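Fair warning: this is a prediction, and the values are worked out from it, not measured in the lab. Heavy-atom basis, side chains included; hydrogens, waters and symmetry copies ignored.
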Amino acid sequence: MTDTGFSPDRIDTSRPHSARMYDWYLDGKDHYAVDADAAREVMRLLPGVKDIAWANREFMHRAARYVADRGVAQFLDVGTGIPTEPNLHQIVQDVTPSARVVYADNDPIVLRHAEALLQGRPEGRTAYLHADVREPEKIVEYAREHLDLTRPVGLSLIALLPFLTDERDPYGVVATLLEPLAPGSHLTISHITWEADPGVWEGIDAVYRSGGTELQARSAAEVTRFLDGLEICEPGVVTATRWYPEPGMRVRAEQPVYVAVARKP
């Protein structure tokens, strides 16, 4: 079963959008010329950006399975992005067919594809909310309608936190999302870092700002701060391809993106 919370009457194609640019990085087809142009400019500044996106995606696959294997059967994925199979619900429902998944994103084109593609197992449930992560209370309220927050939840924030600059209180946003979740819940994050090439990020930030989106890369210490009060699972805060690598990964070289899974005690 799939629910939605928004009707996409208009999609703004006059400016690039981060979700559609990410689709371009992943060799998808659900973007517009303005998104492709912006994404190519980012690739000019950061030639490995497609590998970064794929390393993020492959980490999500491994981490979702890792959390589901530990008995978590409910998931809240904020910053879903345009669906690229396998999606999170497909992975976790392979482990637990009755698993429930709530997706949230702020781009109407993501919702359009959510209605068509986010069809879960008959035993489970997938739901979608059109919302901005800067409204964490709204996301929690919607999640509460579809998930039992007295039981553990897997909160997934993949490639999302860089779009919360310090002025947006990113640590407070994450704390608000985590606060109502039961002990045993898990937080999964990934985050780009400037540490490998500090000079390039000013130009990349300018590209995203041209579409009205702010962007902030962070250090390992800043990324680790998102996990304050949680039990960080092994192997800790590491680059994406170093988190339990598996045979057959598309990207094996190290990428400038930190990842981690942590458990709420």
| field | 4.5 Å side-chain heavy-atom contact, Ile232 and Thr224 | value | yes
Students often mix this up, so state it plainly: with edges at 30° and 60°, are the rings of Tyr22 and Tyr25 parallel, tilted or perpendicular? perpendicular
| request: Please check if the side chain of Ser219 supplies one atom and the backbone of Glu222 the other of a donor-acceptor pair under 3.5 Å. | output: yes
Exercise. Check the pair Leu230, Leu178 against side-chain contact (heavy atoms from CB on, under 4.5 Å), reporting the backbone distance first and the verdict last.
Key: CA-CA 10 Å; Leu230 304 178; Leu178 280 170; 4.0 Å; yes
Counting C-beta onward and ignoring hydrogens, is there a side-chain heavy-atom pair between Arg263 and Arg70 closer than 4.5 Å? no
Looking at Asp37 and Arg40, is any side-chain nitrogen of the basic one under 4.0 Å from a carboxylate oxygen of the acidic one? yes
To the nearest 0.5 Å, atom CD1 of Ile109 lies from atom CD1 of Ile82 at 5.0 Å
**Item:** Flag side-chain contact, heavy atom, 4.5 Å: Leu187 against Val261
**Value:** no
(message) Asp148 vs Arg100, test: salt bridge (charged side-chain N to carboxylate O under 4.0 Å, His left out). Steps then yes/no.
(response) CA-CA 10 Å; Asp148 179 359; Arg100 295 188 169 200; over 6 Å; no
| said: Between His17 and Tyr32, does the side-chain hydrogen bond (donor to acceptor under 3.5 Å, both in side chains) criterion hold? Intermediate values first, please. | reply: CA-CA 9 Å; His17 190 281; Tyr32 299 93; over 6 Å; no
- Query: Could you walk me through whether Tyr208 and Ser18 pass the side-chain contact (heavy atoms from CB on, under 4.5 Å) check?
  - Reply: CA-CA 7 Å; Tyr208 278 92; Ser18 58; 3.9 Å; yes
Sequence neighbours excluded, the answer for side chain to side chain donor-acceptor pair (under 3.5 Å) partners of Asp228 is none
What one should report as the nearest heavy-atom pair of His31 and Ala36 is CD2-CB, 4.2 Å
- prompt: Shared ILVMFWY cluster between Leu161 and Val140, side chains joined below 4.5 angstrom?
  reply: yes
Value for CG (Leu76) from CG (Leu181), rounded to nearest 0.5 Å, stands at 7.0 Å
The reported gap from NE2 in His191 to CG in Asn56 (rounded to nearest 0.5 angstrom) is 10.5 Å
Pair Arg44 + Glu41: basic N to acidic O under 4.0 Å: yes
Backbone N/O of Val259 and side chain of Ser190: donor-acceptor pair under 3.5 Å: no
Original post:
Do Glu202 and Trp194 touch side chain to side chain, with heavy atoms closer than 4.5 Å?
Top reply: no
inquiry  = With a 4.0 Å cut-off on N to O distance, would you call Arg65 and Asp94 a salt bridge?
reply    = no
Side chains of Val173 and Arg168 in contact at under 4.5 Å (non-hydrogen atoms): no
Is it true that a side-chain atom of Gln90 and a backbone atom of Glu85 form a donor plus acceptor pair closer than 3.5 Å?
no
For Asp30, is there any backbone N or O sitting under 3.5 Å from a side-chain donor or acceptor partner on Asp23? yes
Does Val257 reach the side chain of Phe59, with side-chain heavy atoms less than 4.5 Å apart? no
**Asked** Do Met60 and Met249 sit in the same hydrophobic cluster, where Ile, Leu, Val, Met, Phe, Trp and Tyr count as joined when their side-chain heavy atoms come under 4.5 Å apart?
**Response** no
Worksheet item: Under the 3.5 angstrom rule, does the side chain of Ser185 hit a backbone N or O of Val153 as a donor-acceptor pair?
Response: yes
Looking only at heavy atoms, the pair that brings Gly81 and Asp105 closest together is N-OD2, 2.8 Å
| query | What about Tyr103 and Val95, same hydrophobic cluster or not, with Ile/Leu/Val/Met/Phe/Trp/Tyr joined at side-chain heavy-atom distances under 4.5 Å? | reply | no
So CG of Leu129 and NE2 of His146: to nearest 0.5 Å the spacing works out to 8.0 Å
Inset, instruction - Look only at the side chain of Asp132 and the backbone of Asn106, and say whether a donor-acceptor pair between them is shorter than 3.5 Å. - result: no
Checklist entry - Just wondering, do Thr213 and Leu215 contact through their side chains at under 4.5 Å, heavy atoms? => result no
Given 3.5 Å as the limit, does a donor-acceptor pair link the side chain of Arg151 with the main chain of Gln74, or not? no
Can you confirm whether Glu254 is buried at CD, in the sense that more than 12 heavy atoms of other residues, nucleotides or ligands lie under 6.0 Å from that atom? yes
Practice problem: Check whether any side-chain heavy atom of Pro256 sits under 4.5 Å from a side-chain heavy atom of Ile52, and report yes or no. | Solution: yes
Closest heavy-atom pair, Thr176 versus Pro180, reported as atoms and distance to 0.1 Å, is O-CD, 3.2 Å
- Within the side chain of Arg62, is there an N or O that forms a donor-acceptor pair under 3.5 Å with the backbone of Trp243? yes
So CG of Leu46 and CG of Asp197: to nearest 0.5 Å the spacing works out to 7.5 Å
Taking every heavy atom of Val237 against every heavy atom of Ala260, the minimum-distance pair comes out as CG2-CB, 3.9 Å
When every non-hydrogen atom of Asp35 is compared with those of Pro16, the smallest separation belongs to OD1-CA, 3.1 Å
Is there a side-chain contact (heavy atoms from CB on, under 4.5 Å) between Trp24 and Lys50? Walk through the geometry before answering.
CA-CA 8 Å; Trp24 187 89; Lys50 284 194 171 188; 3.6 Å; yes
Distance col, row Ile158:CD1 vs Ile189:CD1, nearest 0.5 angstrom, shows 8.5 Å
- Query: Going by the angle between their ring planes, with limits at 30° and 60°, are His186 and Tyr66 parallel, tilted or perpendicular?
  - Reply: perpendicular
Between Lys264 (side chain) and Glu179 (backbone), is there a donor-acceptor pair under 3.5 Å? yes
Handout entry: Arg252 side chain vs Glu246 backbone, donor-acceptor pair below 3.5 Å
Key = yes
Between Ala38 and Val207 the two heavy atoms that sit nearest each other are O-CG1, 3.5 Å
The single option from Glu195, Arg218, Arg242 that satisfies side-chain hydrogen bond (donor to acceptor under 3.5 Å, both in side chains) with Tyr258 is Glu195
Start with the C-alpha gap between Leu164 and Tyr171, add the side-chain angles, then the distance that decides, and say whether side-chain contact (heavy atoms from CB on, under 4.5 Å) holds. CA-CA 9 Å; Leu164 284 175; Tyr171 300 103; over 6 Å; no
